[in-house]
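Chain naming here is simple, since letters A, B, ... match the order of the sequence lines and numbering starts at 1 in each. Quick caveat, the model's predicted, so the values are computed rather than measured.
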Amino acid sequence: MMELTVNRSTKDRCPRCAQGGILSDTTTGENFCDKCGFVLSDKAAASGPEWRSFSKDDGTDRARAGTPTSLAMHDMGLATVIGHTDKDATGKPLSASMRSTIERLRTWDNRTQVHEPIDRNYRQAFSELDRLKDKLAVGDAVIEKAAYIYRKALEKGLVRGRSISALIASALYAACRDTQTPRTLKDIGIASNVKRKDITRCYRLLLLELGLKMPVVDPVNCIARIASKTGLSEKTKRDATKILKTAEESKISSGKDPMGLAAAALYVACVANGENKTQRDVAEAAGVTEVTIRNRYKGLKVSLDL
DNA sequence: TAAGATAAGAGGGACAT
DNA sequence: ATGTCAGTCTTATCTTA
């Protein structure tokens, strides 16, 4: 059963078609338009105050709370920095000699924070991760997970000889798998500009070296994603879910690409409900080919006695 | 124009050597 | 470690309704 919570509290209109309201899908964490299926990035909702609130000109805005600590920051958001106020704890100006001392400390404080190779690596990786987050519209939990995996990988020295972008992309893919967030290798490949082959190689390496255990992705989770991309009705979605359930029971689903399976089920449900979607439409939304849909379709027909 | 069929090719898992 | 095999998916092309 696909839960769909309607997010009526925000009166947001879809930025693309300006007609639909914004719904959020609790299984994938995606926000999308109920009319045209446009998927929004969750950037706006997640952006908090700046993570370092020390401003250059004055030190009076103590009201800022800052963000919680995050693994997806090179120093986990915990860095202590020396402020720029040149005042002591009681607010009195510093003496000239003390000021130059502090100035020198500040310089070194900066250098140790930014210029250590490990930190540089993290910075680069996590800025890449942030980019991917926007492109793929995944939730914060997935990003945290990906960052965690990446840190583990770096500790084990797995980055040597591999590109950071490939590593971070596969860490993100692993995080998606782990959190049951349906994103395909293809999605991540496109977003990260890393070849699918490289991602899979790194991904397997991560599983091997870190001893990760990944749950098999449930095709049911894929349905919501494809359906929202193609703008299908709730009923079709429910029917497709039912079809998948029976297909699983007749064990034709094992070893098959879950996206292809979900796409085929949706296609069957489309035909049954008289929704005018071609195989191509569904295939494109699912990121598989029409041939794959046809093949799964054949298997589905057997299990449903059509 | 959509749907079905067929063939060639790639990549990876299982298994044996 | 390396090679082979069965099975899956993709791409491309042709046919059918």
A:L261 CG to C:dT8 P: how many Å, rounded? 12 Å

Pair listing, salt bridge (Lys or Arg N to Asp or Glu O under 4.0 Å) test, anchored in residues 170-182 of chain A, at least two apart: A:K145-A:D178

So the side chain to side chain donor-acceptor pair (under 3.5 Å) pairs with at least one residue in residues 94-104 of chain A (sequence neighbours excluded) are A:E103-A:R106

Could you state the atom-to-atom distance from OH of A:Y267 to C1' of B:dG4 in whole Å? 10 Å

Determine which pairs satisfy ring-ring contact (aromatic ring centres under 6.0 Å, His included) with at least one residue from residues 209-268 of chain A, sequence neighbours left out, and list them in order. A:Y267-A:Y297

Name all residues meeting the side chain to side chain donor-acceptor pair (under 3.5 Å) criterion together with A:D281; count only those two or more places apart in sequence or in a different chain, and write none if there are none. A:T278

How would you list all residue pairs meeting salt bridge (Lys or Arg N to Asp or Glu O under 4.0 Å) that involve residues 253-280 of chain A, not counting sequence neighbours? none

Criterion side chain to side chain contact (heavy atoms under 4.5 Å, CB included) on A:D140 and A:K133, from CA distance to verdict: CA-CA 8 Å; A:D140 287 331; A:K133 179 190 165 186; 2.8 Å; yes

Separation of B:dA10 C1' from A:L185 CG (nearest whole Å): 15 Å

The complete set of side chain to side chain donor-acceptor pair (under 3.5 Å) pairs with one or both residues in residues 200-212 of chain A, sequence neighbours excluded, reads A:D198-A:R201

Could you list by number each residue of residues 278-291 of chain A showing a heavy-atom separation from DNA chain B of less than 4.0 Å, or answer none if no residue does? A:T278, A:Q279

Can you tell me which nucleotide in B:dG13, B:dA5, C:dC9 comes closest to the side chain of A:K298? B:dA5

Listed once per pair and sorted, the salt bridge (Lys or Arg N to Asp or Glu O under 4.0 Å) pairs that draw on residues 155-172 of chain A, sequence neighbours left out: none

Would you say A:Y297 places a side-chain N or O within less than 4.0 Å of OP1 or OP2 belonging to B:dA3? no

Within residues 195-203 of chain A, which residues have any heavy atom lying less than 4.0 Å from an atom of DNA chain B? A:K197, A:T200

Salt bridge between A:K235 and A:D239, side-chain N to carboxylate O under 4.0 Å? yes

Find the distance A:K256:NZ to C:dC9:P and express it as a whole number of Å. 6 Å

Report yes if at least one side-chain N or O of A:R204 is closer than 4.0 Å to OP1 or OP2 of B:dG12; otherwise report no. yes

Closer to the 5' end of DNA chain B via nearest nucleotide, is it A:K277 or A:N295? A:K277

